[in-house]
Amino acid sequence: MTRQLHSASSSSNNGNTKGGSAKKRYATTALIASATASVSYAGYFLFSSAAIPTVSGESVAEETDAKRRTAIFKEQLSSDPTFGYEFVGFDSYPGIELDDGTGVATAELKAASVRNVASALDAAGFDENMRGDKSESTTLNPNHALRLGIGPCPTFGCPLLPSDVHFNDQTKLALEELRKKTNAEDDKESSLLKTSGTEKAATLTLIGYKGGRMEDQINQDRAFVLSPFMYKNTKDGTEDHPIARLLGVFDGHARLGERVSEYAAKTVPALLGSKLVAKDELNNQEIGKILQDTFIEIDASSPADPSGGCTASIVLQIDSNIYIANAGDSRSFIAVHVTDPLSKTESTHIIYGTREDKPHLSFERLRVEAMGGNVYIPPGGKGTTRVLYQDPTTGSTSGLAMSRSLGDWDAGDVGVVPDPTIAILNMKDMKSKVVETLNSNCQDKTKEVEIDPATGESSPISECATFSENDVKVFSFAATDGLLDYIPENSIAEHVAKGLYSKNEAEQRLHLLTACEDLIYAAAQGWQEDKGGRYRDDIAISVADLESDP
């Protein structure tokens, strides 16, 4: 299938910050080829800005100042509206009363973070080429060493890295060939599968268009999938390896934002892994603290001088526990795919999704204004709210379309922080609750009875199936706002599930990679129709089944 993209030849300057006017959400049937219009949507939990109970927290890091060393988690128990599965959410930001007045790390924390990252990269086996900023070492480069199969993978595993679905000719051809395949065995010869995806995990991207010549455009989005995530390999003599996965997206913004997103995509697995192996046993709250520390140290050590920042949205699985950490307006989701064992009908339900960290949210605005910043709210509520700050490269006032991010140090002076919101879910408990609810709903529908003419005994008549946990599959996806601004998250979940699980013989086989490709082109079409070819944001998505053997 040949895909076409349209870009205006005239220059269009949308500034150096993320976001624009309010985006249109286009109908799924109009944008996603081969996707059905219906989807069972369960909703998702958004972190509350209201007062919520607190629990004791541990120190963020020895190098942080006294106020951050007394940081606390703000805990909230919530549940998805369809199945009633309960999970815990944390806002790892310590609160205005404990903030030191800036979202920018102290010199001491910056120095300690640089040392920690360097040590983690050493332990992960990163050589100078892998950690450098040369073109060939960039994770989007088609000649990256890991793509070409030269040189060793990091000790934590070889990540799947996104390829451009349209402007990388080899990727475009591989995807076209993949659509012609009729069975999974044929897929094994595709080089694309070795670098960007398999049947159970995938990541793809599309460079945006911000005006000017196409060859001058820079893709600031980054992504990866590590399945498995062998973080314990960084510890000598370790034989106990849990089932672990890690996936994420990082959306760069402002001038040089691609340097920050590239840095985050490279260093998050190594730094996170080094912290996870530092202790023999970890509870959920300790892992939450590790995620917070990782975000803070990536922010503190990032190449954000003189400019640049990025979002960070990651999903970490360790055995049956799932941890989601988010800063910015990229988002991650946990979803279930249910197959009725009787009728074989399929449905997809989102259990959890991260919020967009936007400055108009009450607690976010309170922090920004307490730090001396200003929140711009467009007239009539149409458009993107922004944190106003002075751009260090131009001296002019700029607006950042999020209240949390990595980098963006000048916006940090006015309350933009790297501290992520964190959610913790348990896959076994989730599946158990889903099955319980499905079977309970079936019992409620059983009203008619059948009378045995011989005995006169009655028995209920029901065409409902009895669900088991084998009928429920759990998966995750993360995406940048270039995709989410135009494709509803429930439609993304359904189409991803088709690529992961669909066995409908009446439909053409859909590979996970081509499912992701469909979604990217659908979003690109939305940008085209909305902006007339004058602007298109970068797009990236990462997907992983959370139950298959890594």
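Hydrogens, waters and symmetry mates play no part in the numbers below; they use all other heavy atoms, side chains included.
By the salt bridge (Lys or Arg N to Asp or Glu O under 4.0 Å) test, Glu436 pairs with Lys433, sequence neighbours left out. Remark: Thr339 engages no residue in a side chain to side chain donor-acceptor pair (under 3.5 Å) (not counting sequence neighbours). Here Arg222 pairs with Glu262 under the salt bridge (Lys or Arg N to Asp or Glu O under 4.0 Å) rule; sequence neighbours left out. Applying the side chain to side chain donor-acceptor pair (under 3.5 Å) rule to Ser227 yields the partners Arg245; only residues at least two apart in sequence or on another chain are considered. Listed by chain and number, the residues in a side chain to side chain donor-acceptor pair (under 3.5 Å) with Asp319 amount to none (sequence neighbours excluded). Remark: Tyr263 pairs with no residue by the ring pair (Phe, Tyr, Trp, His ring centres under 6.0 Å) rule, at least two apart or across chains.
Relative orientation of the Phe83 and His349 rings is perpendicular, given thresholds of 30° and 60° on the angle between their planes. Using cut-offs of 30° and 60° on the angle between ring planes, the pair Phe333 and Phe477 is parallel.
Ring centers of Phe229 and Tyr231: under 6.0 Å apart, within the cut-off.
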Is there a side-chain hydrogen bond (donor to acceptor under 3.5 Å, both in side chains) between Ser92 and Asp419 once you walk through the steps?
CA-CA 6 Å; Ser92 68; Asp419 307 66; 4.6 Å; no
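When all heavy atoms of Gln292 and Ile422 are compared, the pair lying nearest together is N-CD1, 4.3 Å. Nearest heavy atoms, Leu271 versus Ile298: CD2-CD1, 3.7 Å. Across all non-hydrogen atoms, the minimal contact from Ala327 to Ser405 is CB-N, 4.3 Å. Minimum interatomic distance between Glu469 and Lys428 (heavy atoms only, all atoms of both residues): OE2-O, 4.4 Å.
The residues Lys180 and Glu177 are annotated as salt-bridged, a charged nitrogen and a carboxylate oxygen being separated by less than 4.0 angstrom.
Contact annotation: the side chain of Met427 never approaches that of Ile334 to less than 4.5 Å [non-hydrogen atoms, C-beta and beyond]. Contact check for Leu247 versus Thr203: no side-chain heavy atoms found under the 4.5 Å cut-off.
There is a side-chain donor-acceptor pair under 3.5 Å between Thr480 and Asp221. Of the N and O atoms on the side chains of Thr421 and Arg404, not one donor lies less than 3.5 Å from an acceptor on the other residue.
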